[in-house]
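Predicted model only: the values in this text are computed from it and were never measured.
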Amino acid sequence: GITADGKGRVYVSDSATGLVHVLDSFGKKYLRSIGKGELMRPTGLALRPESAELLVVDTLASEIVVFDTRDLTLKKRAGRKGEQRDALHYPTHIALAPDGEVYVTDAMNFRIQILSSDLVFQDFFGDAGDGPGSFSRPKGVAVDSDHNIYVVDALFDNVQIFNRDGELLLVFGTAGHAAGEFWLPNDIFIDSNDRIYVSDSYNSRVQVFQYGGRTSQ
């Protein structure tokens with residue numbers, strides 16, 4: 001995982017060493033690492049500048065671990081391992097919605113967990129299956145300005161789009177090598193202009209799409 005703030009500080013999760021590396025000057029200057037003895041396998045990262053928080057997905061611990069970006073100290077933890085509604089099992093990716101809600105890919109529970117801005121479990125959607133709206137290998141998750149939720153599935157080679165209630169709206173992508181086709185996609189990012197970036201890993205590329213916004217009825 002990787003994330004950055006507007007001042008040029010970059011955070012990179014190193015899952016093999018159990019650390020998050022912190023760089024400055026847009027990656028040109030190494031500052032330090034955080035998480036030693038506190039993280040098991042950090043993966044997805046999300047930054048909340050307004051509260052000076054770095055949210056780290058710890059896959060093996062099945063937790064969301066929060067660090068204070070002002071002094072890079074541990075602030076709090078959320079989550080527990082399990083299959084219950086308010087539990088996580090091998091979480092991997094994380095995204096923040098414009099209203100502060102947190103979306104986590106709960107990979108081995110085959111669902112997306114929805115948490116409040118203070119990391120209280122609210123709801124989830126998805127299940128294991130091979131049909132539309134279900135997941136097989138859910139990976140990256142992202143949210144656009146209209147609060148639509150995008151989930152990459154590495155086995156389906158597609159991106160499924162859901163509304164806030166977990167209802168499937170649209171699916172795009174299929175297996176292949178042409179434009180708009182994927183081969184083991186594994187992450188997604190949506191910028192402030194609703195431009196969508198999908199890492200198409202086995203095709204060795206990033207594909208870029210544009211969300212057009214809601215159409216008038």
Side-chain angles (χ1 to χ4, degrees), residues 1 3 13 41-51 53-67 75-129 131-156 158-172 185-192 194 196-198 211 213-214:
T3 190
S13 62
R41 189 176 181 83
T43 49
L45 301 176
L47 191 66
R48 186 179 283 139
E50 63 272 15
S51 58
E53 292 179 332
L54 174 70
L55 282 63
V56 182
V57 177
D58 192 330
T59 296
L60 288 184
S62 293
E63 290 182 332
I64 309 300
V65 184
V66 182
F67 291 87
K75 187 173 182 179
K76 62 181 176 181
R77 299 174 183 268
R80 61 191 178 97
K81 188 174 184 178
E83 300 177 0
Q84 300 90 340
R85 292 179 57 88
D86 61 346
L88 299 165
H89 185 27
Y90 218 75
T92 55
H93 296 72
I94 187 170
L96 303 181
D99 64 357
E101 280 194 327
V102 180
Y103 293 82
V104 179
T105 304
D106 190 6
M108 295 307 293
N109 281 327
F110 304 96
R111 64 191 181 191
I112 299 297
Q113 285 279 13
I114 305 172
L115 289 74
S116 67
S117 59
D118 55 355
L119 300 182
V120 176
F121 284 84
Q122 302 291 309
D123 203 353
F124 70 89
F125 63 86
D127 56 13
S134 296
F135 301 122
S136 181
R137 294 292 184 273
K139 297 289 185 179
V141 59
V143 185
D144 68 25
S145 62
D146 281 335
H147 213 133
N148 300 310
I149 304 136
Y150 298 63
V151 184
V152 172
D153 197 298
L155 190 62
F156 294 161
N158 67 14
V159 178
Q160 300 188 76
I161 307 175
F162 301 83
N163 65 16
R164 172 58 180 78
D165 296 323
E167 298 170 332
L168 181 64
L169 302 176
L170 182 70
V171 179
F172 69 90
N186 60 10
D187 208 353
I188 186 169
F189 174 77
I190 302 177
D191 67 19
S192 58
D194 282 331
I196 303 157
Y197 304 82
V198 181
Y211 170 57
R214 295 176 180 171

4.5 Å side-chain heavy-atom contact, [X] and [Y]:
{"X": "I114", "Y": "F124", "value": "no"}
{"X": "F135", "Y": "F125", "value": "yes"}
{"X": "Y103", "Y": "I149", "value": "yes"}
{"X": "R77", "Y": "I64", "value": "no"}
{"X": "L55", "Y": "L96", "value": "yes"}
{"X": "V56", "Y": "V66", "value": "no"}
{"X": "I188", "Y": "V159", "value": "yes"}
{"X": "F162", "Y": "V151", "value": "yes"}

How long is the straight-line distance from [atom2] of [Y] back to [atom1] of [X], given to the nearest 0.5 Å?
{"X": "L170", "Y": "I161", "atom1": "CG", "atom2": "CD1", "value": "4.5 Å"}
{"X": "S62", "Y": "R41", "atom1": "OG", "atom2": "CZ", "value": "12.5 Å"}
{"X": "L155", "Y": "S136", "atom1": "CG", "atom2": "OG", "value": "4.0 Å"}
{"X": "I112", "Y": "I94", "atom1": "CD1", "atom2": "CD1", "value": "11.0 Å"}
{"X": "D191", "Y": "Y211", "atom1": "CG", "atom2": "OH", "value": "14.0 Å"}
{"X": "Q122", "Y": "L115", "atom1": "CD", "atom2": "CG", "value": "7.5 Å"}

If I compare all heavy atoms of [X] with all of [Y], which pair ends up nearest, and what's the gap?
{"X": "F67", "Y": "V65", "answer": "CE1-CG1, 3.7 Å"}
{"X": "A78", "Y": "L119", "answer": "CB-CB, 3.7 Å"}
{"X": "A128", "Y": "S134", "answer": "C-CB, 4.2 Å"}
{"X": "V143", "Y": "P98", "answer": "CG1-CD, 4.0 Å"}
{"X": "S13", "Y": "G1", "answer": "OG-N, 2.7 Å"}
{"X": "P132", "Y": "L168", "answer": "CB-CD2, 3.5 Å"}

[X] (side chain) donor-acceptor with [Y] (main chain) under 3.5 angstrom:
{"X": "R48", "Y": "G100", "answer": "yes"}
{"X": "Q113", "Y": "R111", "answer": "no"}
{"X": "H93", "Y": "P138", "answer": "no"}
{"X": "N163", "Y": "N148", "answer": "no"}
{"X": "T105", "Y": "K139", "answer": "yes"}
{"X": "E83", "Y": "H89", "answer": "no"}
{"X": "D144", "Y": "D146", "answer": "yes"}

Mind running side-chain contact (heavy atoms from CB on, under 4.5 Å) on V104 and L88 for me, showing each step along the way?
-> CA-CA 9 Å; V104 179; L88 299 165; 4.3 Å; yes

From CA spacing to verdict: side-chain hydrogen bond (donor to acceptor under 3.5 Å, both in side chains), D187, Y197 | CA-CA 8 Å; D187 208 353; Y197 304 82; over 6 Å; no

Can you tell me if D194 and S145 form a side-chain donor-acceptor pair at under 3.5 Å?
-> yes

Polar side chain donor-acceptor pair, Y90 to N109, under 3.5 angstrom = no

Electrostatic pair E63:K81 at N-O distance under 4.0 angstrom | no

side-chain contact (heavy atoms from CB on, under 4.5 Å) between Y150 and I190, worked out = CA-CA 9 Å; Y150 298 63; I190 302 177; 3.5 Å; yes

Given the options D106, D86, D58, R80 meets salt bridge (charged side-chain N to carboxylate O under 4.0 Å, His left out) only with D86

Taking it one step at a time, do K75 and L54 satisfy side-chain contact (heavy atoms from CB on, under 4.5 Å)?
-> CA-CA 9 Å; K75 187 173 182 179; L54 174 70; over 6 Å; no

Where do T59 and T92 land on the side-chain hydrogen bond (donor to acceptor under 3.5 Å, both in side chains) test, with the steps shown first?
-> CA-CA 6 Å; T59 296; T92 55; over 6 Å; no

